[in-house]
Asks: 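Provided herewith is a single structure, encoded as structure tokens, for subsequent inquiry.
Remember, it's 1-based here, ligands and their atoms both numbered in the order they're listed. In what follows, every heavy atom counts, from backbone to side chain, and hydrogens, waters and symmetry copies are set aside.
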Amino acid sequence: MIEASDLTKRYGPTVAVDDLSFVVKPGRVTGFLGPNGAGKSTTMRMILGLDRPTGGQVLIDGRRYGELEHPLRTVGALLDARWAHPNRSARSHLRWLARSNQLPRSRVDEVLDLVGLSSVADKRAGGFSLGMSQRLGIAGALLGDPQVLLFDEPVNGLDPEGILWIRQLMQGLAAEGRTVLVSSHLLSEMALTASDLVVIGRGRLIAQASTAEFVDAAAGQSILVRSPRSDRLSVLLTANGASVVADPGDGPPALLVTGVTAEQIGDTAAANGIALHELSPRRGSLEEAFMQITGDDVEYASGSGNGRHRNENNPVGATS
Ligand code: ADP
Ligand code: MG
């Protein structure tokens with residue numbers, strides 16, 4: 001279990017992590033999701049005691065990283081796949097790591113086998129592909145057989161086979177009852193990998209929810225409406241507090257309505273003698289949910305100008 005409370009990190013004027021609180025539970029894969037620059041790596045470094053919080057704290061099984069008696073047996077992490085010394089072989093890198101952490105030497109061959117590097121164990125790490133480096137980094141994380149695992153953007157730059165392998169590995173580790181926190185800015189990947197999400201933007205918590213809840217909360221918000229009298233209907237719905245925009249999709253002209261229910265739209269139309277040709281909740285993808293929810297929190301400007309804004313009073317909910 002990982003518990004962050006009011007975690008804050010400032011670098012000079014930059015607030016990298018801003019009053020962040022969340023819980024990561026054992027037995028499941030939790031996705032740590034946010035656009036680039038959101039503060040994911042900084043948070044992970046603070047979990048691992050590599051960065052000191054400006055405020056708040058983060059505990060692993062009730063203790064700070066620095067208080068752990070056997071850090072590598074408690075929490076394993078892959079932060080940067082390329083940190084092994086390039087002239088060391090995979091095996092000697094892991095043996096050194098094992099020795100400096102009082103872990104049995106026999107565990108080295110076990111983890112090499114686990115990550116599928118046995119056949120290249122004596123080759124120098126500097127010659128490894130990115131995928132092999134990721135596997136070596138994961139072997140290091142697993143060396144102490146820890147109950148808590150952190151992976152920072154582990155699928156970056158991997159081919160589909162490598163991505164699938166990492167996904168199955170993480171799910172397997174969670175199925176063994178371990179706490180698995182994996183960061184990504186790739187939503188489609190998280191949708192397939194994580195059952196829970198901690199979503200951040202600009203260092204702040206945007207949502208902590210199951211993946212299904214997160215998608216439903218955002219994607220269930222807009223309702224697609226087609227009517228031959230859409231102009232009149234739009235005026236009536238807006239007067240009722242709805243937000244109405246033209247559907248940007250490829251289909252026939254339609255309205256996208258948020259802030260009212262499908263029932264309210266149907267009743268308003270009926271009361272005013274307006275025919276409806278379509279009234280359907282719009283089931284968005286995780287990408288759409290993410291864009292709606294984090295729209296204001298993307299650090300780099302995408303310049304999409306789609307007019308969506310996060311509602312401060314209901315961060316997981318309505319767009320306006
Ligand atoms: P993510 O991993 O989500 O992409 P980071 O945690 O790397 O985000 O960065 C969050 C913010 O903190 C960014 O604005 C980044 O520029 C800033 N930042 C990260 N590390 C440092 C540092 N060592 N010094 C100054 N600013 C930093
Ligand atoms: Mg990062």
Side-chain angles (χ1 to χ4, degrees), residues 2-24 29-58 60 65-66 75-84 130-131 133-134 137-138 140-141 148-158 162-163 166-167 170 180-191 193-194 196-209 211 214 286-287 289-304 310 315:
I2 301 170
E3 286 172 280
S5 326
D6 308 322
L7 199 58
T8 298
K9 180 67 188 183
R10 285 192 205 94
Y11 295 107
T14 306
V15 185
V17 175
D18 190 0
D19 203 23
L20 190 58
S21 300
F22 60 85
V23 174
V24 184
V29 177
T30 300
F32 193 26
L33 198 60
N36 287 323
K40 304 180 297 294
S41 296
T42 303
T43 301
M44 287 185 150
R45 285 199 304 272
M46 288 194 284
I47 296 173
L48 294 164
L50 296 170
D51 246 340
R52 183 191 291 274
T54 311
Q57 64 174 9
V58 57
I60 299 166
Y65 189 88
V75 49
L78 172 70
L79 294 196
D80 175 6
R82 293 283 191 192
W83 76 277
L130 179 59
S133 297
Q134 297 282 52
I138 290 169
V148 178
L149 286 149
L150 307 183
F151 301 105
D152 194 8
E153 306 257 8
V155 305
N156 261 8
L158 294 191
I163 291 173
I166 288 197
R167 182 188 304 154
M170 288 190 278
V180 181
L181 181 65
V182 52
S183 78
S184 181
H185 63 282
L186 297 174
L187 303 140
S188 42
E189 172 56 27
M190 282 295 91
T193 305
D196 288 299
L197 293 176
V198 172
V199 185
I200 66 169
R202 291 193 182 167
R204 271 171 286 145
L205 185 74
I206 290 170
Q208 161 139 41
T211 307
F214 178 76
L286 187 55
E287 272 79 4
F290 186 67
M291 285 312 292
Q292 283 187 23
I293 287 171
T294 65
D296 281 353
D297 292 297
V298 180
E299 192 181 53
Y300 51 84
S302 69
S304 65
R310 189 161 65 92

Asks: Look at ligand 1 and say whether Arg45 reaches it with a heavy atom at a distance under 4.0 Å.
Replies: yes

Asks: Please round to the nearest 0.5 Å and tell me the distance separating atom CG of Asp152 and atom OG1 of Thr43.
Replies: 9.5 Å

Asks: Can you name the residues that form a side chain to side chain contact (heavy atoms under 4.5 Å, CB included) with Asn156, not counting sequence neighbours?
Replies: Glu153, His185

Asks: Rounded to the nearest 0.5 Å, what separates atom OG in Ser41 from atom CG in Asp51?
Replies: 10.5 Å

Asks: Is there a side chain to side chain contact (heavy atoms under 4.5 Å, CB included) between Phe22 and Thr30 once you walk through the steps?
Replies: CA-CA 11 Å; Phe22 60 85; Thr30 300; over 6 Å; no

Asks: Kindly confirm or rule out an N or O of Lys40 lying under 3.5 angstrom from an N or O of ligand 1.
Replies: yes

Asks: For the Mg ion (ligand 2), report each protein N, O or S atom nearer than 2.8 Å, sorted by chain and then by residue number.
Replies: Ser41 OG

Asks: Using distance alone, decide if ligand 1 has a nitrogen or oxygen within less than 3.5 Å of any nitrogen or oxygen in Thr42.
Replies: yes

Asks: By number and element, which atoms of ligand 1 are closer than 4.0 Å to a non-hydrogen atom of Ser41?
Replies: 1 (P), 2 (O), 6 (O), 7 (O)

Asks: Residues two or more places apart in sequence or in another chain: which of them pass side chain to side chain contact (heavy atoms under 4.5 Å, CB included) with Pro154?
Replies: Leu78, Phe151, Ile166, Met170, Val182

Asks: Give a yes/no verdict on whether any heavy atom in Gly34 is under 4.0 Å from an atom of ligand 1.
Replies: no

Asks: According to side chain to side chain contact (heavy atoms under 4.5 Å, CB included), who are the partners of Asp18, at least two apart in sequence or on a separate chain?
Replies: Val15, Arg204

Asks: Which distance, rounded to the nearest 0.5 Å, do you find between the CG of Leu150 and the CG of Leu181?
Replies: 5.5 Å

Asks: How many angstroms lie between atom OG1 of Thr54 and atom CZ of Arg10, to the nearest 0.5 angstrom?
Replies: 6.0 Å

Asks: Are any of the N/O atoms on Asn36, whether in the backbone or the side chain, positioned under 3.5 angstrom from an N/O atom of ligand 1?
Replies: no

Asks: Which value, rounded to the nearest 0.5 Å, describes the distance between Leu20 atom CG and Gln208 atom CD?
Replies: 9.5 Å

Asks: Please indicate whether any nitrogen or oxygen in Ala16 is less than 3.5 Å from any nitrogen or oxygen in ligand 1.
Replies: no

